[in-house]
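Below is one structure, written out as structure tokens; the observations come after it.
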Number of protein chains: 2
Amino acid sequence: MKVADKHGRIIQAAIKVFARNGFFNSRIAEIAKEANVADGTIYLYFNNKYDILITIFEEEMGKIIASVKQELATTDNPCEKLEIFAFQHLSLVEKNKDLAEIIQVELRQSSKFMKEYRNRKFAEYLQIISNIVKEGQEKGLFRKDVMPGIFKRAFFGALDEMSRFWVLSPKKKYGVKTAAKQISHFFLNGILEQPCPTKTKTKKRKIKRTKSARK
Amino acid sequence: MKVADKHGRIIQAAIKVFARNGFFNSRIAEIAKEANVADGTIYLYFNNKYDILITIFEEEMGKIIASVKQELATTDNPCEKLEIFAFQHLSLVEKNKDLAEIIQVELRQSSKFMKEYRNRKFAEYLQIISNIVKEGQEKGLFRKDVMPGIFKRAFFGALDEMSRFWVLSPKKKYGVKTAAKQISHFFLNGILEQPCPTKTKTKKRKIKRTKSARK
DNA sequence: AATATCTGAATGAATACACATTCATTTTTC
DNA sequence: GAAAAATGAATGTGTATTCATTCAGATATT
């Protein structure tokens with residue numbers, strides 16, 4: 001009907017449909033309809049249903065990583081980098097809600113193969129964060145006892161959970177900018193106004209495991 | 001063969017099987033086999049396959065929330081509470097890997113109904129965190145500009161991502177205790193050793209958006 | 001206490017159906 | 001008018017669910 005680029009039309013349709021129903025509850029027929037294409041046409045461009053999902057991931061994830069890396073190159077201040085990362089991540093999610101939902105939700109399960117494949121791509125993404133941390137440590141800005149391997153997961157996880165909130169509930173209570181600022185600020189400066197009351201490492205080892213409360 | 005409690009046997013079997021294959025790729029027959037029960041028997045205890053998933057969630061999530069709340073009651077120091085929460089959360093995940101995987105992975109998708117239901121339960125869980133924050137703010141320990149609604153998600157997200165790491169890769173590079181300490185420490189104290197180079201709010205607005213690098 | 005009758009939990013083979021995939025036919029392109 | 005692209009009805013498969021049947025134990029009958 002239109003011009004062409006069936007491939008692209010199918011991908012876009014699939015993103016929409018998968019996001020709406022979930023992968024397993026999506027019908028090929030529905031994707032075909034959404035793309036204004038016959039059922040069979042899809043099989044001229046993809047091997048099977050699962051192949052569509054993989055392709056979505058492959059084609060889109062690369063763009064994201066590249067785009068984030070590019071933005072980060074605008075500064076060499078690790079603190080700023082963290083905030084930029086947060087902002088970029090959240091912005092991308094906001095701009096591509098359906099895609100974000102698929103990556104977050106649908107790709108979690110799926111076969112062993114996909115899990116491993118996905119993990120490789122994600123490892124690359126997470127490494128951007130740990131590299132920032134290492135850079136900050138070398139420059140004497142960040143504490144040396146911070147473990148980059150844990151930090152990257154914590155930081156990403158914080159952003160990811162914030163995204164989920166947006167993906168699932170359309171009404172955003174907080175803007176992207178606010179969220180990015182808050183989150184990077186938590187991680188950089190912590191939330192303490194003043195030192196906490198002594199960590200009670202000395203006494204008070206009174207765990208008192210209640211043995212009652214059975215069943 | 002054994003005694004009985006078919007209900008419990010089926011639930012435990014389903015947790016194992018769902019975790020192994022994912023909900024949609026799990027066969028009722030496989031669950032039946034794992035539970036040493038005939039296929040049909042499952043339908044004496046559950047309405048359908050989906051009902052098993054819901055029951056898993058309902059029966060197990062309550063226990064978790066209760067258990068965390070109980071542990072928190074052992075102190076009234078908000079800082080400690082955060083660390084306890086982190087430790088409890090991660091410990092529970094470690095002790096119930098299969099269950100954790102199901103809650104993390106399988107329940108994300110699933111029907112609208114489940115999504116909403118799940119969210120209600122999770123809201124309760126997340127609120128534990130925001131309550132700690134508010135308490136800390138009232139006591140003058142935490143900064144007032146920290147938004148509890150963002151913090152709870154960030155903190156939970158950090159833990160959740162850390163868990164995923166454990167759930168998916170069996171070899172733990174970091175122990176529960178280390179991870180809990182690090183994460184709560186990030187959030188309480190931040191990762192800064194010394195103030196970052198001026199946030200460039202004044203001069204140096206040299207963002208220099210590279211217009212090259214096209215495609 | 002031996003035998004007959006009942007009960008409902010458990011079984012698993014048979015059913016029913018949804019849907020991914022195929023392919024003979026039609027339409028478009030050059 | 002040949003080749004390529006697209007179609008969508010028909011096919012085949014996989015599996016959730018059903019239900020007629022079994023059978024172990026309880027209860028009643030002699």
Side-chain angles (χ1 to χ4, degrees), chain A residues 1-59 98 102 105-107 109-114 117, chain B residues 1-59 102 105-107 109-114:
Chain A
M1 211 194 183
K2 276 286 170 54
V3 216
D5 189 24
K6 301 261 156 103
H7 177 97
R9 291 228 311 271
I10 294 169
I11 286 289
Q12 289 313 311
I15 289 178
K16 214 183 264 184
V17 173
F18 286 162
R20 183 159 60 227
N21 311 320
F23 177 74
F24 284 101
N25 290 317
S26 294
R27 313 282 132 256
I28 288 289
E30 193 178 350
I31 297 173
K33 200 174 164 193
E34 181 84 37
N36 275 313
V37 145
D39 296 17
T41 307
I42 289 180
Y43 289 87
L44 299 176
Y45 293 89
F46 301 92
N47 296 325
N48 49 48
K49 188 182 169 185
Y50 191 56
D51 187 37
I52 303 175
L53 187 63
I54 290 180
T55 305
I56 289 174
F57 185 68
E58 286 199 309
E59 292 188 355
D98 285 345
I102 291 172
V105 176
E106 302 306 325
L107 286 175
Q109 40 100 289
S110 74
S111 77
K112 261 274 158 318
F113 160 72
M114 192 57 210
Y117 178 69
Chain B
M1 211 193 185
K2 279 284 171 55
V3 218
D5 189 23
K6 301 263 156 100
H7 176 98
R9 291 228 311 271
I10 294 169
I11 286 288
Q12 289 313 311
I15 289 177
K16 216 184 263 184
V17 173
F18 286 162
R20 183 159 62 226
N21 311 322
F23 177 75
F24 284 101
N25 289 317
S26 293
R27 311 283 131 254
I28 287 288
E30 194 178 349
I31 297 172
K33 199 173 164 195
E34 181 83 37
N36 276 314
V37 145
D39 296 17
T41 306
I42 289 180
Y43 290 87
L44 299 176
Y45 292 89
F46 301 92
N47 296 325
N48 49 47
K49 188 180 169 186
Y50 191 55
D51 187 36
I52 303 176
L53 187 63
I54 290 180
T55 305
I56 289 174
F57 185 67
E58 286 199 310
E59 291 189 354
I102 291 172
V105 176
E106 302 307 324
L107 287 176
Q109 38 101 290
S110 74
S111 77
K112 263 272 159 318
F113 160 71
M114 191 56 210

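Per chain, numbering begins at 1; letters A, B, ... match sequence-line order. Bear in mind that the values here come from a model prediction, so they are computed numbers and not experimental data. These numbers come from the heavy atoms of this one structure, side chains and all, not from hydrogens, waters or symmetry mates.
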| said: Applying the side-chain contact (heavy atoms from CB on, under 4.5 Å) criterion to B:Lys6, which one of B:Val37, B:Asn36, B:Ile42 satisfies it? | reply: B:Val37
| message | Using the side-chain heavy atoms of A:Leu44, tell me which of these nucleotides is nearest: D:dA6, C:dA9, D:dT17. | response | D:dA6
| said: Using whole Å, what does the distance between atom P of nucleotide C:dA18 and atom CG of B:Asn48 come to? | reply: 15 Å
| field | Rounded interatomic separation in angstrom, taking CZ from B:Arg9 and P from C:dT11 | value | 9 Å
| query | Rounded to whole angstrom units, what separation is found between the CZ atom of A:Phe23 and the P atom of C:dC19? | reply | 13 Å
| request: In whole angstrom, give the distance that lies between atom CZ of B:Phe46 and atom C1' of D:dT17. | output: 16 Å
| message | So, does B:Lys6 get its side chain near the phosphate of C:dA10, meaning an N or O under 4.0 Å from OP1 or OP2? | response | yes
| task | Could you check if a side-chain atom of A:Asn21 sits within less than 4.5 angstrom of a side-chain atom of A:Glu30, using non-hydrogen atoms only? | result | yes
| said: Show the nearest heavy-atom pair for residues A:Ile15 and A:Ile102, with the distance to one decimal. | reply: O-CD1, 3.3 Å
| message | Starting the side chain at C-beta, find the nucleotide from C:dT11, C:dA10, C:dT21 nearest to B:Tyr45. | response | C:dA10
| field | A:Thr55: side-chain contact (heavy atoms from CB on, under 4.5 Å) partners, not counting sequence neighbours | value | A:His7, A:Ile11, A:Phe46, A:Asp51, A:Glu59
| request: Could I get the full list of side chain to side chain donor-acceptor pair (under 3.5 Å) partners for B:Glu34, not counting sequence neighbours? | output: B:Lys16, B:Arg20
| query | Is the shortest heavy-atom distance from the side chain of B:Val105 to the side chain of B:Phe23 under 4.5 Å? | reply | no
| note | Separation of C:dA13 atom C1' from B:Ile28 atom CD1, nearest Å, is 17 Å
| task | Provide, to the nearest angstrom, the distance between the OH atom belonging to A:Tyr50 and the P atom belonging to C:dT21. | result | 13 Å
Give me, pair by pair, the N or O atoms of the protein and of nucleotides 22-30 of chain C that are less than 3.5 Å apart, along with how far apart they are.
none

| request: Please check the phosphate of D:dG14 (OP1 and OP2 only) for any side-chain N or O of B:Arg27 closer than 4.0 Å. | output: no
| In whole Å, what is the span from the CG atom of A:Asn25 to the C1' atom of C:dA20? | 15 Å
| Could you give the CG-to-P distance, from B:Leu53 to D:dA16, as a whole number of Å? | 14 Å
| query | Do A:Ile31 and A:Phe18 have side-chain heavy atoms sitting under 4.5 Å apart? | reply | yes
